Engineer: 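Sharing a structure below in structure tokens format, with a few things to ask.
No hydrogens, no waters, no symmetry mates; every other heavy atom, side chains included, goes into these values. Read the numbers this way: they start at 1 and go in the same order the structure lists the ligands and their atoms. The residues of the chain are indexed from 1 along the displayed sequence. Note that the structure is predicted; figures quoted are calculated from it, not measured.
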Amino acid sequence: MIIFKKRIDISNYIVNYKKTSGKIGFIPTMGALHKGHISLIEASKKTDTLTICSIFVNPTQFNNTADFEKYPVTIEKDIDMLEKAGCNVLFLPSVEEIYPADSSTTLPYELGFIETVLDGKYRPGHFQGVCNVVQRLLDIVQPNTIYLGQKDYQQCMVIKKLTELIQSPTQIIVCPTLRESDGLAMSSRNMRLTSVERIKAIRISEVLLFIKQEIKPGNLQDLKQRCINYLTNEGYNVDYVEIADATNLILLQNWDGKTKLVALVAAFLNEVRLIDNRIVNED
Ligand code: PAF
């Protein structure tokens, strides 16, 4: 695996690679890699001729300084995992490489409704920061395809919107969430959980399965409230438990029994914010 730290170096490499008829697959990450990330590398390796991963803890997408400072960094282990997965190129830039002093910005992005709901409401500025870094990474890497995890359901929709806004030709592939054997969605933030919190963390996926089992056409308020109460009684500080149209994330109070639904949860277990989601009416 070739490791590039400088934008100019990876850009030169990519300009040369683009002269071949190869296909570039790109997996942007913030490191602290787990099997979920590796499944994205594997998805790229099946169809692309060059798989590029980036590791960059993007300061502009953290609306909470403590969260940024405590974001896990496990770079040696990450490099080892990427090597073993057969990743071809790692881009490991500094903040100055991504945000040089003389760089222009396209902020704010006109993301519309998608930025006002769910994490957009609870993490103001977060998706602007995600778009800011992803646009810069797309400009540098020029991938044919970008691979994202369904665990960040709203982020996938935001990045889709970004590619439309900037008229990027990059195709987006959303890969399924990988889970631990007890159902907990794999996430870099899980590393921050104490052993006691780790046991409690499965409540989030339990709630999503509960919604899947219990959902019936009609009013959804009672079902959502039961989930919020359950998590609160388990010691969570709940941002939201919501059920939305899976195609556009419009939050639903009533279900017609037909619309494809996604249930989404975001809740704090002490300092660690966990998110997860599940398509409700699908096997
Ligand atoms: O999902 C993430 O890890 C980040 O939000 C991303 C897409 C790498 C942008 O910093």
Engineer: For ligand 1, note which part of Leu148 has a heavy atom under 4.0 Å away: side chain, backbone, both or neither.
Structural biologist: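 It is neither; nothing of Leu148 touches ligand 1.
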
Engineer: Is it the case that one hydrophobic cluster holds both Tyr153 and Ile250, taking links as side-chain heavy atoms less than 4.5 Å apart, direct or via other members?
Structural biologist: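 Yes, Tyr153 and Ile250 fall within the same hydrophobic cluster.
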
Engineer: Run the ring-centre check on Tyr13 versus Phe4 and record whether the distance is less than 6.0 Å.
Structural biologist: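 Ring centres of Phe4 and Tyr13 closer than 6.0 Å.
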
Engineer: Mind checking whether Phe268 and Tyr236 have ring centres under 6.0 Å apart?
Structural biologist: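 For Phe268 and Tyr236, the ring centres are not under 6.0 Å apart.
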
Engineer: If you count the atoms of ligand 1 from 1 in the order shown, which ones are under 4.0 Å from a heavy atom of Gln61?
Structural biologist: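 In order of number, 4 (C), 5 (O), 9 (C), 10 (O).
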
Engineer: Which atoms of ligand 1 sit under 4.0 Å from any heavy atom of Gln155?
Structural biologist: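 So the atoms of ligand 1 that pass are 1 (O), 2 (C), 4 (C), 5 (O), 7 (C).
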
Engineer: Would you say the ring centers of Phe62 and Tyr71 fall short of 6.0 Å from each other?
Structural biologist: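 Centroid separation for Phe62 and Tyr71: below 6.0 Å.
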
Engineer: Which of the atoms in ligand 1, numbered in the order shown and given with their element, are less than 4.0 Å from a heavy-atom of Pro28?
Structural biologist: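 Reading through ligand 1 atom by atom, the close ones are 8 (C).
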
Engineer: Tell me whether Asn58 has any N or O atom under 3.5 angstrom from an N or O of ligand 1.
Structural biologist: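 By distance alone, the answer is no.
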
Engineer: Looking at ligand 1, does any of its N/O atoms fall within less than 3.5 Å of an N/O of Thr29?
Structural biologist: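 So ligand 1 has no N or O lying under 3.5 Å from an N or O of Thr29.
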
Engineer: What atoms of ligand 1 come within less than 4.0 Å of a heavy atom belonging to Val133?
Structural biologist: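 Listed by number with element: 9 (C), 10 (O).
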
Engineer: Give me the one residue out of Asn144, Ile52, Thr145, Thr51 that meets side chain to side chain contact (heavy atoms under 4.5 Å, CB included) with Ser44.
Structural biologist: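 Exactly one option meets the side chain to side chain contact (heavy atoms under 4.5 Å, CB included) with Ser44, and it is Thr51.
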
Engineer: Can you tell whether the side chains of Glu164 and Lys160 come within less than 4.0 Å, N to carboxylate O?
Structural biologist: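 Here Glu164 pairs with Lys160 in a salt bridge, since their nearest N and O are under 4.0 Å apart.
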
